[in-house]
Amino acid sequence: MRPVGSKYLLEEPLGRGATGTVWRARQRETAGAEAAVAGQPGETVAIKVLKEELANDADVVMRFLRERSVLLRLTHPNIVRTRDLVVEGDLLALVMDLIDGPDLHRYLRENGPFSPVAASLLTAQIADALAASHADGVVHRDLKPANVLLDERDGQMHPMLTDFGIARLADSPGLTRTHEFVGTPAYVAPESAEGRPQTSAVDIYGAGILLYELVTGRPPFAGGSALEVLHRHLSEEPRRPTTVPEPLWTVIERCLRKEPDERPSAENLARALRTVAAGVGVHSSSAQVEAAMGVGALLAPDPAPAAVPGTPGAADPTQVLPSNAGSYDPSAATSVLPSTGAPQYGGGGQHADPTAVMPPVPPRPDGAPGPEDPHPWQNQLRAARDRNEQTQVQYLDPSEDPLRRRPQRQPQQPPQRQQQQRPQQPQRYAPPPPPQYQQPQAPPPQQRYAPPQQPAPPAPRPPREPREPRRRSANPMRIPGLGCLKGCLFTIVLLFVASWLIWEFSGLQEWIGTTKGFFAQIGDVIDSISKFLNDLGSSTGA
């Protein structure tokens with residue numbers, strides 16, 4: 001078991017996703033006023049622990065704290081409630097209600113597609129949850145079957161939409177760029193893939209793909225790679241399967257429009273789906289069938305869709321509370337105080353603009369931060385962000401590379417000759433020269449544009465030092481080859497002595513079978529060689 005904060009204890013993992021791991025946890029003590037749900041000791045909850053790359057990003061941490069009130073106040077019967085947010089060191093976690101049931105993706109894989117009536121009623125409840133979140137200014141941006149949990153209670157299946165705040169938290173400058181999107185390629189809207197401004201219509205597009213998958217078992221656009229799937233989202237139109245009724249296909253086709261302004265609102269989508277479910281059933285009346293056939297009239301677009309913040313990491317606009325608000329509510333929006341102008345300099349009863357620019361404050365001599373300097377907390381966050389940046393690779397001049405640069409000898413300075421000391425002459429008194437008036441020089445004009453500095457050429461190698469001439473010996477006579485001759489003579493003498501020792505003191509004479517001495521034996525060998533040469537010469541002459 002692993003503690004999370006001081007009030008929760010992780011027990012076992014329930015699932016892992018792209019943004020973190022969901023754990024079954026138990027509450028150890030009652031939460032304080034900062035939590036939306038206090039809970040009771042021993043109560044079972046679900047905690048999603050975000051990944052380390054999210055927890056280590058300073059922008060995500062600031063957004064996590066800023067979106068606290070938005071996530072805690074988002075409540076609906078078809079939305080998994082966020083009970084508390086935990087920030088502890090490098091750990092970020094969301095405490096949610098525990099739903100004992102599979103997600104919609106797993107249910108489809110094990111049981112197959114839904115009937116048109118069941119798919120319509122199930123998606124209508126999801127549209128209700130989207131309508132509530134859009135009214136509160138929250139866009140999910142990652143609607144897919146894996147983010148829909150099925151809560152089976154009272155003999156019915158209730159879909160519960162989860163992971164509402166993950167896309168908002170992950171959309172930070174350190175993790176998302178302008179050309180990227182938040183979501184899954186199979187469920188992403190065309191405007192998200194193209195990097196255009198996003199609104200709540202992206203959730204309607206995801207609901208249309210989810211509805212298509214519920215009745216067919218597969219999403220409308222698939223491919224071998226994410227790029228191919230995105231291209232099909234942008235260029236292809238979905239095809240109607242034979243098992244989808246015409247009224248239901250009208251709803252799917254309207255949700256999958258390429259232009260966001262042509263898609264219906266979440267509230268109108270829920271009303272249209274319930275009308276279709278009542279008109280395509282077996283026991284439908286003629287009036288219900290006629291209403292289902294004219295469902296297109298109910299799919300009116302949203303006149304004021306909820307906009308996704310254009311700048312990554314931007315928060316929602318601050319809401320102004322009435323001046324006579326009640327007791328303190330930690331989950332409420334931030335209140336704005338009325339602006340009170342200050343009197344202008346120079347007297348008078350007029351009030352200045354509260355955003356007037358003050359004169360710059362000179363830096364303090366002791367180095368302490370001034371009122372305009374960044375807060376130490378901002379410096380710590382900037383340092384943490386810099387540590388996560390990748391190392392930059394740049395060209396290095398070979399002359400500056402310590403591995404390629406050869407050690408250079410310092411030129412030896414010639415000995416300085418001692419100057420002959422001359423007798424010092426007695427100094428005569430000379431009057432000081434009259435002061436000359438120097439005309440003040442105008443300061444050089446400041447160069448506004450500094451041309452790029454060219455890299456300095458490598459320094460030339462210093463000339464080699466002349467070597468000192470070798471000193472000759474006192475004997476000027478030199479015999480060429482004398483050293484080699486000495487070595488040959490020494491070798492011959494050494495071999496002669498070794499041969500004599502072997503001949504006299506070893507058993508070589510007995511092995512050959514002779515009693516002659518060493519020198520006598522050498523004389524016999526020389527005589528036999530000379531006799532052989534004489535015989536060879538006489539035979540050649542004949």
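Of all heavy-atom pairs spanning Leu143 and Ala207, the tightest one is CD2-N, 3.5 Å. Nearest approach of Leu150 to Ile99, heavy atoms of both residues: O-CG2, 4.2 Å. Heavy-atom minimum distance, Thr243 versus Val215: OG1-O, 4.3 Å. Of all non-hydrogen atoms in Leu256 and Pro220, the two that sit nearest each other are CD1-CG, 4.4 Å. Residues Asn78 and Pro159 share a closest heavy-atom pair of ND2-O, 3.0 Å. Between Thr199 and Pro305 the shortest heavy-atom distance is CB-CB, 4.0 Å.
A donor-acceptor distance shorter than 3.5 angstrom exists from the side chain of His140 to the backbone of Thr162, with no hydrogens or angles considered. Not a single donor-acceptor pair under 3.5 Å links the side chain of His158 to the backbone N or O of Gln125. Side-chain atoms of Ser284 come within 3.5 Å of backbone atoms of Ala278 as a donor-acceptor pair (strictly under, hydrogens ignored). Of the possible donor and acceptor atoms, none in the side chain of Arg16 sits under 3.5 Å from a partner among the backbone N and O of Gly20.
In this structure, Leu248 and Val280 have side chains that are not in contact, with every pair of non-hydrogen atoms separated by 4.5 Å or more. Put simply, the side chain of Tyr107 reaches to within 4.5 Å of the side chain of Phe114, judged on heavy atoms. Side-chain atoms of Val202 and Ser192, non-hydrogen and from C-beta on, do get closer than 4.5 Å to each other. Between Pro145 and Asp103, every side-chain heavy-atom pair lies at or beyond the 4.5 Å cut-off.
A salt bridge does not link Arg257 to Glu259: none of the charged side-chain nitrogens sits closer than 4.0 Å to a carboxylate oxygen. Salt bridge present: Arg83 and Glu43 bring a charged side-chain N and a carboxylate O closer than 4.0 Å. For the pair Arg106 and Glu110, the salt-bridge criterion is met [side-chain N within less than 4.0 Å of a carboxylate O]. Salt bridge status for Arg24 with Glu12: present, with a side-chain N to carboxylate O gap under 4.0 Å. A salt bridge links Lys48 with Asp163: the closest approach of a Lys/Arg side-chain nitrogen to an acidic carboxylate oxygen falls below 4.0 angstrom. A salt bridge is absent between Arg141 and Asp203: the closest approach of a Lys/Arg side-chain nitrogen to an acidic carboxylate oxygen does not fall below 4.0 angstrom.
The 12-atom threshold is exceeded at CD of Glu228, counting heavy atoms of other residues, nucleotides or ligands nearer than 6.0 Å. For Arg2, the CZ atom counts as loosely surrounded, since its 6.0 Å shell holds 12 or fewer non-hydrogen atoms of other residues, nucleotides or ligands.
Glu213 is linked by a salt bridge (Lys or Arg N to Asp or Glu O under 4.0 Å) to nothing, counting only residues two or more places apart in sequence or in another chain.
Residues Asn268 and Ser265 bring a donor and an acceptor atom of their side chains to less than 3.5 Å of each other.
Between Arg81 atom CZ and Asp84 atom CG the span is 12.0 Å, to the nearest 0.5 Å.
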For this session: Let me see the working for Tyr212 and Phe221 under ring pair (Phe, Tyr, Trp, His ring centres under 6.0 Å), right down to the final yes or no.
Result: CA-CA 10 Å; Tyr212 184 98; Phe221 303 113; 8.1 Å; no
